[in-house]
There are 2 protein chains.
Amino acid sequence: MKIDRRVRRAGVMRAQIYAALRDAIVSAELEPGRQLSEQELAESLGVSRTPVREALVRLRDDRLVEIVPQLGTFVSRVSLAAVADAQFVREALECAAVRLAAERSDRADVRALKGILARQEEVRDAGDFDRWYVLDDELHSALCELSGHGVAWSLAQRANGHLNRVRRMSLPQPRYLHEMVAEHKLIVAAVERGDADAAEESMRHHLRMVLAALDDLRGEHPDYFEDAG
Amino acid sequence: MKIDRRVRRAGVMRAQIYAALRDAIVSAELEPGRQLSEQELAESLGVSRTPVREALVRLRDDRLVEIVPQLGTFVSRVSLAAVADAQFVREALECAAVRLAAERSDRADVRALKGILARQEEVRDAGDFDRWYVLDDELHSALCELSGHGVAWSLAQRANGHLNRVRRMSLPQPRYLHEMVAEHKLIVAAVERGDADAAEESMRHHLRMVLAALDDLRGEHPDYFEDAG
DNA sequence: ACTGCCATGCTTGTATACAAGCATACGGCC
DNA sequence: GGCCGTATGCTTGTATACAAGCATGGCAGT
């Protein structure tokens, strides 16, 4: 976890700490169930408790941690209910966004999308899952921006913490990245030809892929899930 | 603005302050452009700066306030772009939710919805706008709960601050409440007969009503809007 | 009377202190 | 050896202090 303490601009510290902790949770570097303390994190990051606390409060809003007074802060386990909620939110927002993106995009927009696709293919072949995850977010975020409502992405992120952990855990599965790239291409193709219905259909299908791996993941990491049998 | 300081349970203070400030902003009791200071709010509420600050940070996430270091905290003016964003989010989430609600609801569920409608009619006739606003939220929230994804409502609330202010300002307009109740009845009727398409159509139409009053409101309160000419 | 400069008082962001509460460990007793 | 009670050390929530920066007002000079 990296925090640039040289930059003391207003609020930058809290934002950095929030992003660093969120990424560590999504990537399971901070594994589900792990106990954290504000004091301990503050010391290891070389800051006071206040910005750490404010970052943790925001992560609690995102349901990525649970703060228990007098006991500590715990990285939450993946909740199937929260995954289902996030899936619902994601489908509703991103399918509506991609429709608008298909209706509004011009050639330059499509070229930019294809640029992201090209980089995804490079990273797919290299097996760099962290990098690929960033590029996955970048494509989805770009499509939301193209809809004229970038808020769809940033808002969905607030609910998508649990689903994002599942997304990240899915990446090492055999041929997973190949399928993801193939589906991304279908979406971008539909946006290119301005076919809103096809764009939505491809997006909906694509977003449901994530859930396909859920049972396997629960088998591999039963302790990561809160409703494990 | 009411804060119950007798209740010192963990986190309750911040949650109360957040809700009180949000409601004061949505109702324009704290009017757009108004300068606030953490210290001043803390003194008037009889608490320290910390819970006030944490509530304000959350309100900043909701785009209801702007925090300017060294200068103060300002109640944000209504942004037409933010209203459009919120409208997009609301339509996407609530239309998807009402479809599921139509598919899943049973008789008891529909009875509960009709109970809310009945209370809305009483309040409509009494002209109690604050009370009506609460009941409006209650119906929409109940429909989201019926979809099985209550998160749709709570998440949308995070993006809907600006739109909610427009919703609240619209209420005094002649016959507005009558039209709202009539449209609520159409939605509940579609849910009752399990017609997902009709439920979505009615909801979409209903949600767009709010925007109808926008130009009039800008005429009445140009200083409440940030993009006023 | 006007302009420019500087000090002051206000703000937020972060650091630190204090209060309350919980779990655990240790000691004493049976 | 087990059980019970108490103290301690940890946590979070909130209170308070400090640092940095900005705008404004007052004063001095022209």
Side-chain angles (χ1 to χ4, degrees), chain A residues 1-21 25 30-77, chain B residues 1-21 25 30-77:
Chain A
M1 262 192 300
K2 298 186 182 121
I3 303 293
D4 188 349
R5 283 182 56 228
R6 292 171 300 164
V7 181
R8 286 287 298 248
R9 284 205 322 283
V12 163
M13 196 167 291
R14 180 185 56 245
Q16 277 200 72
I17 296 170
Y18 169 79
L21 288 173
I25 292 172
L30 291 174
E31 73 278 6
R34 166 78 165 268
Q35 182 188 359
L36 311 169
S37 83
E38 295 170 6
Q39 184 58 34
E40 189 181 15
L41 285 169
E43 283 167 10
S44 72
L45 295 172
V47 298
S48 76
R49 275 183 60 212
T50 312
V52 172
R53 172 172 176 73
E54 292 189 358
L56 288 174
V57 165
R58 198 162 196 258
L59 286 166
R60 188 210 9 229
D61 285 345
D62 296 347
R63 296 157 80 186
L64 287 176
V65 300
E66 288 150 44
I67 301 180
V68 185
Q70 284 74 53
L71 293 186
T73 296
F74 299 87
V75 178
S76 57
R77 286 184 165 79
Chain B
M1 260 191 302
K2 296 182 183 129
I3 302 294
D4 187 351
R5 283 182 56 230
R6 290 172 301 166
V7 182
R8 285 290 297 250
R9 287 203 321 280
V12 164
M13 195 166 291
R14 180 184 56 246
Q16 277 201 71
I17 296 171
Y18 168 79
L21 288 173
I25 292 171
L30 291 175
E31 73 279 6
R34 166 79 164 267
Q35 180 186 359
L36 312 169
S37 83
E38 294 170 7
Q39 184 57 36
E40 191 180 16
L41 285 169
E43 282 168 10
S44 73
L45 295 172
V47 298
S48 78
R49 274 185 61 212
T50 312
V52 171
R53 174 173 175 73
E54 293 190 357
L56 288 173
V57 166
R58 195 162 198 258
L59 287 167
R60 187 205 20 224
D61 286 345
D62 297 348
R63 293 156 82 184
L64 287 176
V65 298
E66 288 150 45
I67 302 179
V68 184
Q70 284 74 51
L71 293 187
T73 297
F74 299 87
V75 178
S76 57
R77 286 185 164 80

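So that the names make sense, note that chain A is the first sequence line, chain B the second, and so on, each numbered from 1. Model, not experiment: these values are computed from the prediction. The figures here come from the full heavy-atom set of this structure, side chains too, leaving out hydrogens, waters and symmetry mates.
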Residue pair A/Leu41 / A/Leu56, side-chain heavy-atom distance below 4.5 Å: yes
Of the options C/dT12, D/dT14, D/dG13, whose atoms approach the side-chain atoms of B/Pro51 most closely? D/dT14
Could you give the CD-to-C1' distance, from B/Glu43 to D/dT16, as a whole number of Å? 13 Å
To the nearest 0.5 Å, what is the distance between CG on B/Asp61 and OH on B/Tyr18? 8.5 Å
Quick one: label A/Leu56 by what it contacts on the DNA or RNA (base, sugar-phosphate, nothing), any heavy atom closer than 4.0 Å. nothing
Along DNA chain C (nearest heavy atom to each residue), the more 5'-positioned of B/Val68 and B/Thr50: B/Val68
Closest nucleotide among C/dT12, C/dT11, D/dA15 to the B/Glu38 side chain: C/dT12
Rounded interatomic separation in angstrom, taking CD from B/Glu54 and P from D/dT12: 12 Å
B/Arg77 CZ to B/Glu66 CD distance, which is reported to the nearest 0.5 Å: 9.0 Å
How long is the gap from CD on B/Gln35 to CG on B/Leu71, to the nearest 0.5 Å? 8.0 Å
Expressed in angstrom and rounded to an integer, what is the separation of B/Met13 atom CE from D/dT12 atom P? 18 Å
Under the salt bridge (Lys or Arg N to Asp or Glu O under 4.0 Å) definition, can you give me all pairs with a residue in residues 40-52 of chain A, not counting sequence neighbours? A/Glu38-A/Arg49
A/Arg53 CZ - D/dT11 P separation (whole Å): 14 Å
To the nearest angstrom, how far is B/Glu40 atom CD from C/dC10 atom P? 11 Å
With rounding to the nearest 0.5 Å, note down the distance linking CZ in B/Arg34 to OG in B/Ser76. 14.0 Å
Protein proximity profile, nucleotides 17-26 of chain C - base contact B, sugar-phosphate-only contact S, no contact -, cut-off 4.0 Å on heavy atoms: B--BBSS---
Distance below 4.0 Å between A/Thr73 side-chain N/O and D/dT11 OP1 or OP2: no
If an axis is fit to five pairs at each end of the helix from C/dA1-D/dT30 to C/dC30-D/dG1, what is the angle between the two, to the nearest 10°? 30°
Take the protein atom CZ of B/Arg14 and the nucleotide atom P of D/dG13, then report the distance between them rounded to whole Å. 6 Å
In whole Å, I'd like the distance from the CG atom of A/Leu41 to the P atom of D/dT11. 10 Å
Closest approach to the side chain of B/Ile67, judged atom by atom: which nucleotide of C/dT14, C/dT12, D/dA15 is it? C/dT12
Specify the separation, in whole Å, of atom CD of B/Gln35 and atom C1' of D/dT24. 12 Å
Rounded to the nearest 0.5 Å, how far does CD1 of A/Ile25 lie from CG of A/Leu36? 6.5 Å
Please work out if A/Ser37 contacts a base, only the sugar-phosphate, or nothing of the nucleic acid, heavy-atom cut-off 4.0 Å. sugar-phosphate
To the nearest 0.5 angstrom, please state how far the OG1 atom of B/Thr73 sits from the CG atom of B/Leu30. 11.5 Å
